[in-house]
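Remarks on the structure that follows.
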Amino acid sequence: KAGVTQTPRYLIKTRGQQVTLSCSPISGHRSVSWYQQTPGQGLQFLFEYFSETQRNKGNFPGRFSGRQFSNSRSEMNVSTLELGDSALYLCASSFDTRGIAFFGQGTRLTVV
Amino acid sequence: QKEVEQNSGPLSVPEGAIASLNCTYSDRGSQSFFWYRQYSGKSPELIMSIYSNGDKEDGRFTAQLNKASQYVSLLIRDSQPSDSATYLCAVNPSNTGKLIFGQGTTLQVKP
């Protein structure tokens, strides 16, 4: 079984731009969650989608948004990028609600 | 108070010793608990999940859960240099896909 696939692996963007990250979950998994990891804040929950519906949302500004498609693939978007958005963005997929989450390789976003 | 707390370390143990990693959580209603390992520059990988009070063993790893004390621990027996990594404790407070992570404990196993 293929694992969680995130694209792209690396991104460099300029302040003020927007970015879209993609995540393909493990086949059969309907829950997709997104996390931001920085050295100072650690792993922080952004949001979770289950069957195309946002089920949970973390404490991030509205510039961070996401969606899930009918095939469970998910995208997250960050608008009006700030330097502080530089981070590793991780996607995780789960089969059930008990939260056994498997992570993708992540997208390393650098905002300059 | 942080929702999930871990000692950031580093925790240094000699090869072959037992490494003990600890985690406390604040949401008393939490039902699912996980330990992830993260090597530098890599993504977290699941080591153990535990849902009931007591011990759960898998190879050299033992997870321990005490819901009354809101405490989760991970023991690594016969520690190897390849175990050197950051260990993340995660709690699922609501049986959905949301996980709350601790800051992680850095483990160094010295040959």
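Since the model is a prediction, treat every value here as computed from it, not as a measurement. Naming convention: chains lettered A, B, ... in sequence-line order (proteins, then strands); numbering from 1 in each chain.
B:Val91 and B:Tyr87 fall within a single hydrophobic cluster, where Ile, Leu, Val, Met, Phe, Trp and Tyr side chains are chained together by heavy-atom contacts under 4.5 Å. Residues A:Leu83 and A:Tyr89 share a single hydrophobic cluster, defined by chaining ILVMFWY side chains whose heavy atoms lie under 4.5 Å apart.
Residues from residues 100-111 of chain B that place a non-hydrogen atom less than 4.5 Å from a non-hydrogen atom of chain A comprise B:Phe101, B:Gln103, given in numerical order.
When A:Gln105, A:Lys57, A:Gln44 are compared by the number of non-hydrogen pairs under 4.5 Å with chain B, A:Gln105 comes out ahead.
Between A:Tyr49 and A:Phe47, the ring center distance clears the sub-6.0 Å criterion.
For the pair B:Glu15 (side chain) and B:Gln80 (backbone), a donor-acceptor distance under 3.5 Å is absent.
No part of B:Glu45 comes within reach of chain A, as not one of its non-hydrogen atoms sits under 4.5 angstrom from that chain. Proximity to chain B (any heavy atom under 4.5 Å) is shown, for A:Leu43, by both the backbone and the side chain. Using a 4.5 Å cut-off between heavy atoms, A:Gln41 contacts chain B through its backbone alone, with no side-chain atom that close.
Ion pairing between a basic and an acidic side chain is recognised when a charged N comes within 4.0 Å of a carboxylate O; A:Lys13 and A:Glu82 show no such pairing.
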Verify side-chain contact (heavy atoms from CB on, under 4.5 Å) between B:Val13 and B:Asp83, making sure each step is shown before the conclusion.
CA-CA 11 Å; B:Val13 300; B:Asp83 294 326; over 6 Å; no

Audit row: A:Ser22, A:Arg73, side chain to side chain donor-acceptor pair (under 3.5 Å) steps and yes/no
CA-CA 8 Å; A:Ser22 180; A:Arg73 191 177 71 84; 2.9 Å; yes

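Residue B:Tyr51 holds its OH atom at 11.5 Å from CG of B:Leu65, rounded to the nearest 0.5 Å.
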